[in-house]
Amino acid sequence: MGAGGRTSVPPSPKKPEFNPLKRVPCSKPPFTLCQIKKAIPPHCFKRFVLRSFSYLIYDLVLASLFYYVATNYFPSLPQPLPYVAWPIYWAMQGCIFTAFWALAHECGHQAFSDYQWLDDTIGFILHTFLLTPYFSLKYSHRRHHSNTGSLERDEVFVPKKKSALKWWAKHFNNPLGRFLEISIQLTLGWPLYLLFNITGPPYDRLACHYDPYGPIFSDRQRLQIYVSDAGVLAVTYALYLLVLAKGVGWVISVYGVPLLVVNAFLVMITYLQHTHPSLPHYESSEWDWLRGALSTVDRDYGILNKVFHDITRIHVAHHLFPTIPHYHAMEATKVIKPILGEYYQFDGTPVYKAIWRELKECVYVEPDAGDNDKGVLWFRNKL
């Protein structure tokens with residue numbers, strides 16, 4: 001596909017920015033992946049070890065500073081100031097932990113450096129610190145990137161058809177039900193995904209990210225799944241020792257609550273990247289890789305975009321070219337938007353409004369009535 005460079009591909013018709021709910025096209029695009037890549041400046045595909053480490057070091061300094069302030073100054077604060085200080089710490093440290101997770105995710109795509117051993121080492125350390133099995137997620141996430149938008153083969157946030165909804169779905173299709181659903185998703189969604197592969201495709205047996213012999217993984221990947229499990233167990237044991245030394249309240253306050261913030265952000269970010277009223281999903285009769293990769297949406301998290309290393313607003317480009325490092329991805333996004341035209345989706349709706357809207361509007365998928373393309377399905381909410 002070449003190393004990248006300028007191209008004379010005519011841009012697709014531009015999408016009206018004032019209507020983010022307008023459906024993206026589901027027909028085969030008038031451009032190819034090769035043409036998109038040629039439009040991106042070659043330097044966007046280059047990974048620089050020192051620059052990548054600069055972001056990691058910056059995050060480590062902030063996390064260490066927050067930890068130092070919380071553990072050295074909060075205990076001496078007069079009442080009721082600790083009740084204000086600790087939630088601020090939880091929010092800020094949770095955001096930095098999420099930045100750690102984003103860099104580890106980049107390592108899993110080998111977008112951190114040109115050296116896979118280095119990417120895997122950094123990614124393993126960062127993800128394991130956050131109780132995420134690095135290699136397990138690396139391989140399941142690779143399957144997601146290979147099958148995005150496919151109802152049969154995608155690995156995460158696979159929507160259900162109306163006929164597959166559980167009997168209780170209609171009881172949650174109301175404000176109270178949606179509040180309970182979002183509460184469960186943001187608190188338990190991430191560990192439930194790792195343990196039981198919820199929101200993933202059905203397998204003939206339990207698909208667990210901690211099971212080396214689970215259906216998600218191939219034989220040659222199983223040893224690395226053991227390594228991931230050993231890392232998570234080691235961190236769990238270290239936390240146990242900290243509980244004995246410092247107390248359970250200390251561990252929860254310093255580490256546990258920020259980890260819950262990470263889990264909530266991970267679910268929110270990934271859910272909103274792949275769930276939107278304008279995005280199609282495809283059955284095997286219609287699915288192809290490029291249309292699937294374009295069935296994602298960029299979002300705007302304000303100041304948190306930079307904190308999270310832009311994973312929130314460069315997701316379309318990331319699905320097309322996952323080895324582009326985050327510090328080049330915004331430039332690549334700006335370049336490819338005129339080429340993608342109506343196939344590019346961005347929604348600047350505030351995320352707290354967007355997640356409520358998506359829970360309301362995106363309940364299941366069905367093809368349009370009378371549509372000849374029965375393999376193309378859209379979100380619906382009428383039960």
Side-chain angles (χ1 to χ4, degrees), residues 52 56 59 94 97-113 116-148 150 153-158 185-201 203 206-236 258-274 293 296 308-309 311-312 315 318-319 322-323 325-326:
S52 295
L56 174 57
D59 290 339
F97 283 6
T98 305
F100 287 161
W101 198 98
L103 290 178
H105 161 260
E106 192 156 276
C107 289
H109 287 289
Q110 204 178 344
F112 189 86
S113 77
Q116 183 170 333
W117 67 268
L118 179 60
D119 286 45
D120 283 343
T121 301
I122 298 298
F124 176 78
I125 293 172
L126 293 176
H127 264 169
T128 302
F129 170 72
L130 299 171
L131 296 179
T132 296
Y134 171 74
F135 291 107
S136 307
L137 188 65
K138 174 182 175 178
Y139 292 127
S140 69
H141 192 64
R142 181 180 296 176
R143 291 166 67 108
H144 162 61
H145 270 257
S146 298
N147 300 283
T148 308
S150 168
R153 299 187 302 275
D154 201 352
E155 276 294 328
V156 65
F157 288 118
V158 182
Q185 280 194 27
L186 296 183
T187 54
L188 300 177
W190 180 242
L192 288 176
Y193 170 69
L194 294 177
L195 285 167
F196 305 111
N197 204 42
I198 63 166
T199 78
Y203 286 100
L206 175 65
C208 173
H209 281 75
Y210 301 100
D211 179 6
Y213 295 93
I216 301 175
F217 312 114
S218 66
D219 290 339
R220 64 183 180 85
Q221 296 168 348
R222 304 199 194 285
L223 178 60
Q224 291 178 306
I225 310 307
Y226 278 114
V227 174
S228 295
D229 291 350
V232 172
L233 286 174
V235 172
T236 303
L259 186 65
L260 290 177
V261 174
V262 176
N263 294 348
F265 271 127
L266 292 181
V267 172
M268 179 187 299
I269 291 170
T270 53
Y271 175 78
L272 290 178
Q273 286 169 338
H274 294 281
T296 60
F308 297 158
H309 303 301
I311 64 169
T312 49
H315 195 66
H318 171 69
H319 262 271
T323 59
H326 71 271

### Task
Side-chain contact test, heavy atoms from C-beta onward, threshold under 4.5 Å: evaluate it for L56 versus L126 and give yes or no.
yes
### Task
Could you tell me whether Y193 and H209 have their ring centroids closer than 6.0 angstrom?
yes
#### Entry: Any donor-acceptor N or O pair under 3.5 Å, side chains H274, D154
no
### Task
Mind running ring pair (Phe, Tyr, Trp, His ring centres under 6.0 Å) on H105 and H309 for me, showing each step along the way?
CA-CA 11 Å; H105 161 260; H309 303 301; over 10 Å; no
#### Entry: Side-chain touch Y139/I225, heavy atoms, less than 4.5 angstrom
yes
### Message
Please determine whether ring pair (Phe, Tyr, Trp, His ring centres under 6.0 Å) holds for the pair H326 and H109, giving the CA-CA distance in whole Å, both sets of side-chain angles, and the decisive distance to 0.1 Å.
### Response
CA-CA 11 Å; H326 71 271; H109 287 289; over 10 Å; no
### Task
Of all the heavy-atom pairs spanning S228 and Y134, show the shortest one and how long it is.
OG-N, 3.6 Å
### Message
Do L131 and T236 have side chains that approach each other closer than 4.5 Å (heavy atoms only, starting at C-beta)?
### Response
yes
### Query
Quick one: are the ring centres of F135 and Y226 less than 6.0 Å apart?
no
### Query
Which atom names give the shortest non-hydrogen contact between A102 and I311, and what distance separates them?
CB-CG2, 3.8 Å
### Message
Are the side chains of T132 and W190 in contact, using a 4.5 Å heavy-atom criterion?
### Response
yes
### Query
Can you check whether H144 and H319 have ring centres sitting under 6.0 Å from each other?
yes
#### Entry: Check: P325 and E106 side chains under 4.5 Å, non-hydrogen atoms
yes
